[in-house]
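Below is one structure, written out as structure tokens; the observations come after it.
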Amino acid sequence: RTLLLLHCPPYGFFDERRGAHAGSVSIWKVIEEKKPLAGFFGHIHEYSGTAMLGKTRLVKLPPANGFSACSLSITDKKTSVEILSKGAGGMI
């Protein structure tokens, strides 16, 4: 039933920068241990999208200055995410 909202992504997910990983091993361990439904991350601006770490949906949010966002749906403890981008008529 937990959602994580963190700045730094877990190690190995959306975290590669100049050939090295900039994510947090500690965050990775917490996700592995506690198994939240989803975790949302920023920090590394070059990435956006989703991945799975075990049963946890990882969401790398796009940078705010790109006028993008995401929508998370939870049904019976299953998650789905849609990345929203600014279109001709606003958010789509």
Side-chain angles (χ1 to χ4, degrees):
R1 295 194 224 154
T2 302
L3 299 176
L4 293 177
L5 302 173
L6 301 167
H7 182 75
C8 187
Y11 181 87
F13 293 87
F14 311 110
D15 71 334
E16 195 168 329
R17 193 178 249 180
R18 295 183 210 116
H21 291 283
S24 169
V25 172
S26 296
I27 291 171
W28 185 88
K29 287 179 182 179
V30 166
I31 292 170
E32 281 284 306
E33 181 183 324
K34 302 295 182 181
K35 300 175 180 22
L37 289 175
F40 297 86
F41 313 96
H43 190 45
I44 311 293
H45 292 221
E46 294 83 3
Y47 298 99
S48 65
T50 67
M52 297 297 292
L53 176 52
K55 293 186 176 187
T56 299
R57 169 84 54 195
L58 304 178
V59 182
K60 172 53 186 79
L61 299 167
N65 64 356
F67 300 104
S68 298
C70 78
S71 171
L72 172 73
S73 297
I74 303 170
T75 305
D76 298 323
K77 295 187 180 181
K78 291 191 175 21
T79 59
S80 63
V81 174
E82 181 181 3
I83 302 293
L84 306 169
S85 299
K86 183 178 178 186
M91 296 300 283
I92 58 171

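Heavy atoms only: backbone and side chains are in, while hydrogens, waters and symmetry mates are out.
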Inset, instruction - Could you tell me which non-hydrogen atom of Pro36 sits nearest to which non-hydrogen atom of Leu4, and how far apart they are? - result: CG-CD1, 3.8 Å
Legend entry - Side-chain (Lys35) to main-chain (Glu32) donor-acceptor, under 3.5 angstrom: yes
Inset, instruction - Please identify each residue that fulfils side chain to side chain donor-acceptor pair (under 3.5 Å) with Thr79, with sequence neighbours left out. - result: Arg57
Inset, instruction - Only counting residues at least two apart or in another chain, list the ones meeting side-chain contact (heavy atoms from CB on, under 4.5 Å) with Leu61. - result: Phe40, Val59, Cys70
Inset, instruction - Supply the atom-to-atom distance Glu82 CD to Leu72 CG, rounded to the nearest 0.5 angstrom. - result: 11.5 Å
Legend entry - Non-hydrogen side-chain atoms of Leu84 and Ser71 separated by less than 4.5 Å: yes
Inset, instruction - To the nearest 0.5 angstrom, please state how far the OG1 atom of Thr50 sits from the CG atom of Leu58. - result: 8.5 Å
Legend entry - By side-chain contact (heavy atoms from CB on, under 4.5 Å) - contacts of Val30 (at least two apart): Lys34
Inset, instruction - State, to 0.1 Å, how close Pro62 and Ala69 come at their nearest heavy-atom pair, and which atoms those are. - result: CG-N, 4.1 Å
Side-chain atoms of residues 14-25: list all donor-acceptor pairs with protein atoms under 3.5 Å, sequence neighbours left out, distances to 0.1 Å.
{"from": "Asp15", "atom 1": "OD1", "to": "Gly12", "atom 2": "N", "distance (Å)": "3.3"}
{"from": "Asp15", "atom 1": "OD1", "to": "Phe13", "atom 2": "N", "distance (Å)": "3.4"}
{"from": "Asp15", "atom 1": "OD1", "to": "His21", "atom 2": "ND1", "distance (Å)": "2.8"}
{"from": "Asp15", "atom 1": "OD2", "to": "Gly12", "atom 2": "N", "distance (Å)": "2.8"}
{"from": "Asp15", "atom 1": "OD2", "to": "His21", "atom 2": "ND1", "distance (Å)": "3.4"}
{"from": "Asp15", "atom 1": "OD2", "to": "Gly23", "atom 2": "N", "distance (Å)": "2.9"}
{"from": "Ser24", "atom 1": "OG", "to": "Ser26", "atom 2": "N", "distance (Å)": "3.2"}
{"from": "Ser24", "atom 1": "OG", "to": "Ile27", "atom 2": "N", "distance (Å)": "3.0"}

